[in-house]
Amino acid sequence: MRLTLARRASAEFAGTALLVTAVVGSGIAAARMSPGDVGLQLLENAIATAFALGALILMLGPVSGAHLNPVVSAVDWWLGRRTGTGLAGPDLAAYAAAQATGAICGAILANLMFDLPAVAWSETDHTGANLWLAEVVATAGLVVLVFALARTGRTSVAPAAVGAYIGAAYWFTSSTSFANPAVTIGRTVSDTFAGIAPTSVPGFVIAQLVGGLLAVAALAAWYPGAGRAADAVLMPRLPQETTRDA
């Protein structure tokens with residue numbers, strides 16, 4: 001049974017790595033191809049991220065659920081703990097570790113593909129109450145979306161819906177919607193268009209966790225019993241993957 005968890009954690013590692021590679025890599029490409037036009041750079045970055053996220057959910061959802069986000073995994077554990085669905089405690093720890101390390105590796109991969117130093121700490125500061133508020137909104141909306149889809153049996157549209165939400169949130173939030181602690185950490189090691197300074201990470205991560213808590217409250221009000229569908233977040237796993245690991 002431990003091999004089962006290892007397989008799912010490896011999918012979370014690879015998926016989060018490729019997601020960050022898409023975010024950072026498309027940001028580098030956008031800055032090089034559209035110099036001097038920040039709006040166009042953001043559009044290119046948002047489109048690439050949205051498409052990559054949808055594809056990764058399709059590819060890895062049946063293996064691990066394609067959470068690719070510690071907040072999603074934590075809410076999955078919290079809501080499913082009473083009904084025996086979703087992630088168990090050891091699963092959550094393995095998922096979060098895989099997501100964080102995968103995000104860092106993904107940023108390093110993007111740096112190397114564009115002939116940049118493997119690790120270059122970002123100097124782009126993202127600090128301020130408005131940005132933290134934006135991260136609360138972006139994360140809460142994302143978590144409510146994925147659990148609402150699971151609760152109502154519409155996980156087949158999760159790849160398109162989640163990709164569309166993140167792509168849109170690039171534009172309707174002042175923070176450009178990181179909405180993911182692992183991705184936030186990974187983006188610190190690339191001093192490029194999509195980077196974030198390490199000193200800005202604590203504020204963002206706290207805001208994202210607050211967004212997760214608000215999402216739990218919203219789900220309790222709008223989708224009672226959402227925890228019963230925790231095994232289907234973001235997508236149902238393969239039958240042999242739905243039982244808890246010993």
Side-chain angles (χ1 to χ4, degrees), residues 12-57 59-60 66 68-71 99-128 130-132 134-135 137-139 141-142 159 162-205 207-208:
E12 288 295 304
F13 173 89
T16 312
L18 290 172
L19 174 59
V20 175
T21 298
V23 173
V24 174
S26 64
I28 297 170
R32 291 182 178 180
M33 292 188 295
S34 307
D37 192 336
V38 178
L40 182 56
Q41 292 169 9
L42 183 62
L43 177 62
E44 294 162 347
N45 192 206
I47 291 174
T49 299
F51 284 174
L53 181 55
L56 289 168
I57 294 171
M59 179 170 66
L60 298 172
L68 314 182
N69 187 329
V71 174
Q99 291 155 356
T101 54
I104 294 170
C105 290
I108 291 172
L109 176 60
N111 288 338
L112 293 174
M113 287 197 299
F114 285 89
D115 197 25
L116 296 172
V119 174
W121 297 108
S122 176
E123 297 181 2
T124 304
D125 186 55
H126 290 278
T127 303
N130 63 312
L131 299 180
W132 300 331
E135 282 300 292
V137 172
T139 308
L142 172 64
V162 173
Y165 176 84
I166 291 298
Y170 260 71
W171 288 89
F172 72 72
T173 64
S174 58
S175 63
T176 65
S177 183
F178 285 46
N180 185 327
V183 169
T184 303
I185 292 169
R187 289 165 70 165
T188 63
V189 301
S190 183
D191 190 20
T192 58
F193 179 81
I196 178 174
T199 54
S200 299
V201 169
F204 265 53
V205 171
Q208 291 156 1

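All values derive from a computational prediction rather than experimental measurement. Quick note: residue numbers are just sequence positions, from 1.
Other residues, nucleotides and ligands contribute at most 12 non-hydrogen atoms within 6.0 Å of the CZ atom of Phe51. The 12-atom threshold is not exceeded at CG of Asp115, counting heavy atoms of other residues, nucleotides or ligands nearer than 6.0 Å.
Cation-pi check for Arg187 over Phe178 is met; the charged atom lies under 6.0 angstrom from the ring centroid and within 45 degrees of its normal.
Heavy-atom minimum distance, Val23 versus Ser26: O-OG, 3.3 Å. Between Asn45 and Ala22, the shortest heavy-atom contact is ND2-O, 4.4 Å. Across all their heavy atoms, Asn69 and Ala179 have their closest contact at ND2-O, 2.8 Å. Nearest heavy atoms, Leu56 versus Gly15: CD1-O, 3.5 Å. Scanning both residues, Ser122 and Ile196, for their nearest heavy atoms gives OG-N, 3.1 Å. Nearest heavy atoms, Phe193 versus Ala31: CB-CB, 4.4 Å.
Looking only at distances, no side-chain donor or acceptor of Asn111 sits under 3.5 Å from a matching main-chain atom of Thr192. When atom types are taken as modelled, the side chain of Glu123 and the backbone of Ala197 share no donor-acceptor pair closer than 3.5 angstrom.
To the nearest 0.5 Å, atoms CD1 (Ile104) and CD1 (Ile185) are separated by 6.5 Å. With rounding to the nearest 0.5 Å, the separation of CH2 in Trp132 from OG in Ser175 is 12.5 Å. Taking CG of Leu109 as the start and CG of Leu18 as the end, the distance is 7.5 Å to the nearest 0.5 Å. Going from atom CG of Leu42 over to atom CD1 of Ile47 covers 10.0 Å, rounded to the nearest 0.5 Å. Taking CG of Leu142 as the start and CD of Gln208 as the end, the distance is 10.0 Å to the nearest 0.5 Å. To the nearest 0.5 Å, atoms CD (Glu44) and OH (Tyr170) are separated by 12.5 Å.
With contacts defined as side-chain heavy-atom distances shorter than 4.5 Å, the pair Thr49/Ile166 qualifies. Phe13 is listed as a side-chain neighbour of Cys105, based on a closest heavy-atom distance under 4.5 Å. With contacts defined as side-chain heavy-atom distances shorter than 4.5 Å, the pair Thr176/His126 does not qualify.
Gln99 and Thr16 are not linked by any side-chain donor-acceptor pair at a separation below 3.5 angstrom, with hydrogens and angles left out of the test.
Each of Asp125, Thr124, Thr184 was compared with Ser200 under the side chain to side chain donor-acceptor pair (under 3.5 Å) criterion, and only Asp125 meets it.
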